[in-house]
Amino acid sequence: MTLLSSDQFPSCHVFKSCLPFLLVALLFQFQTGFSALITSLKNHPGHPQHRRPMFQTNQSTCALFVGTWVRDDSYPLYQYSNCPIIDAEFNCQLYGRPDSDYLKYRWQPLNCVLPRFDGLVFLSKMRGKNVMFVGDSLGRNQWESLICMISASTLKMQTQIIRGDPLSTFRFLEYGLSISFYRAPYLVDIDVVQGTRILKLEGIDENGNAWRMADVLVFNTGHWWTHKGSLQGWDLIESGGKYYKDMDRLVAMEKGLRTWSNWVDTYVDRTRTRVFFQSISPTHYDPSEWGTGATATVTKNCYGETAPMTGTTYPGTYPDQMRVVDEVIREMHVPTYLLDITMLSELRKDGHPSIYSGDLSPTQRANPDRTADCSHWCLPGLPDTWNQLFYTVLFY
């Protein structure tokens, strides 16, 4: 934000002529102080103070991402049995999760109430548009959630789905609305040369060509930058014309994100396309972050967790990747809205598939200490809240 120096203010020789200007200045000072107060409630140990997107509604300022989880028996917004698009790895109820209280929580910001999601409103306002989620399986998690939420309002509507790799698209034919997922876990390109996967930190044209016609773009990345061993998605890293077997992962992520941000600034038409970036989705593999004493020693991960944490802050570590995300977004020229879901998601240690995933065999489910999925999220579940926030920012 650029501040005016004292010599840039209009001179006022008569107090009466200065009065309107002074009132505006006082109002700005009050609003700034109020925003700072709300932000300070986040006060998470060790996490950098980064920009909190503010949401204007009903003449008041709402800090969307600062709040708490409250019980609400009107949730969930849909049933898994009515949404066949849910992948097996997210379909916890279908694959035997015995508890359901985790479905009964609503996100409550500290100083406002979110509008309830309405699928028909989404369809009407986005008629003829193309919404695209771009990123890793957390983006797919959110993509499927949004389709389920819209479909709950339109059970008899004609739809079409085309699944592919990297692009999958779901269409609401009556409204001409396409909601797509483009798999690009690093956002930047990966080339395969004679069987060797090369992560190109300055290359994005192959992926970017598929994004250009979208009216709304929702990006995410994060988890894949930390994977090693058999989970690592590349064999070599290319940067600055040189090849590396490895490098500092935060440095690599920042280089990749700057390539992405340059693409957005160069190719996105800000008069036509809205851009969002989903902040880092947390994992819950270390119970010492949320439990103490006996609880922390009995539990090895998120397995067996059935309720969210109370309060507005998370006592564990905050992802270092968020510092990188924030620094890159701050320097972009095309307005990019940070959907800052990290803290509210950290409170939901109960929301993961754990062993109730269709991707696990009976033998794997019998060994939750080693196989529990504490990275993705059940559907219905937490990604529905991500989409309620997305809906709020998009339309209100």
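This one's a predicted model, so the numbers in the text were calculated from it and none came from an experiment. Below, each value reflects all heavy atoms present in this structure, side chains not excepted, and no hydrogens, waters or symmetry copies.
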Is the shortest heavy-atom distance from the side chain of [X] to the side chain of [Y] under 4.5 Å?
X	Y	value
L103	Q93	yes
I237	L201	yes
Y285	C302	no
W143	M132	no
E174	L177	no
V134	L217	yes
T169	F181	no

- Message: Would you call the rings of Y391 and F395 parallel, tilted or perpendicular, taking 30° and 60° as the class edges?
- Response: perpendicular
Under 3.5 Å, is there a donor-acceptor pair between the [X] and [Y] side chains?
X	Y	value
W386	S345	yes
N387	S145	yes
D269	T271	yes
W263	T259	no
D350	T306	no

- Cation-pi check, R116 to W107: give yes when NZ or CZ is under 6.0 Å from the six-membered ring centre and within 45° of the ring axis, no otherwise. no
- Task: Tell me whether the guanidinium CZ or amine NZ of R348 lies under 6.0 angstrom from the six-membered ring centre of Y102 and within 45° of its axis.
- Result: no
Within this structure, what is the [atom1]-[atom2] distance for the pair [X] and [Y], rounded to the nearest 0.5 Å?
X	Y	atom1	atom2	result
D326	S279	CG	OG	10.5 Å
T312	L344	OG1	CG	11.5 Å
I179	I147	CD1	CD1	5.5 Å
L77	S153	CG	OG	9.0 Å
C378	L94	SG	CG	11.5 Å

- Task: Decide yes or no on side chain to side chain contact (heavy atoms under 4.5 Å, CB included) for R212 and Y267, but give the supporting numbers first.
- Result: CA-CA 7 Å; R212 292 196 186 192; Y267 293 108; 3.2 Å; yes
- Item | Partner of F277 under ring pair (Phe, Tyr, Trp, His ring centres under 6.0 Å), chosen from F219, Y337, F390, W260 | W260
- Any side chain to side chain donor-acceptor pair (under 3.5 Å) pairs touching residues 188-198, not counting sequence neighbours? D189-N207, R197-D235
- Message: If we check side-chain hydrogen bond (donor to acceptor under 3.5 Å, both in side chains) with H352, which of these qualifies: H284, H376, E305?
- Response: H284
Is it the case that one hydrophobic cluster holds both [X] and [Y], taking links as side-chain heavy atoms less than 4.5 Å apart, direct or via other members?
X	Y	answer
M213	V216	no
M149	I161	yes
I190	W211	yes
L120	V131	yes
L123	Y396	yes

- Message: Determine whether a donor-acceptor pair (N or O, by modelled atom type, separation under 3.5 Å) exists between the side chain of T221 and the backbone of P185.
- Response: yes
- Message: Using only atom types and a distance under 3.5 Å, with no angle test, would you say the side chain of Y186 pairs donor to acceptor with the backbone of G233?
- Response: yes
Is [Y] paired with [X] through a side-chain N to carboxylate O contact shorter than 4.0 Å?
X	Y	answer
D72	K104	no
E331	R258	yes
R323	E327	yes

- Between S281 and the options T342, L382, L138, N220, the side-chain contact (heavy atoms from CB on, under 4.5 Å) test singles out L138
- Message: Applying salt bridge (charged side-chain N to carboxylate O under 4.0 Å, His left out) as the test, list every pair that has at least one member in residues 80-103; sequence neighbours left out.
- Response: R71-D101, D87-R140, D87-R163, E89-R140, R97-D99
- Task: Step through the shown structure and confirm whether more than 12 heavy atoms of other residues, nucleotides or ligands are within 6.0 Å of CD on Q160.
- Result: yes
- Determine whether more than 12 heavy atoms belonging to other residues, nucleotides or ligands lie under 6.0 Å from atom CZ of R272. yes
- Item | Aromatic ring proximity, centroids under 6.0 angstrom, Y80 and Y78 | no
- Message: For W377 together with F90, are the ring centres under 6.0 Å from each other?
- Response: no
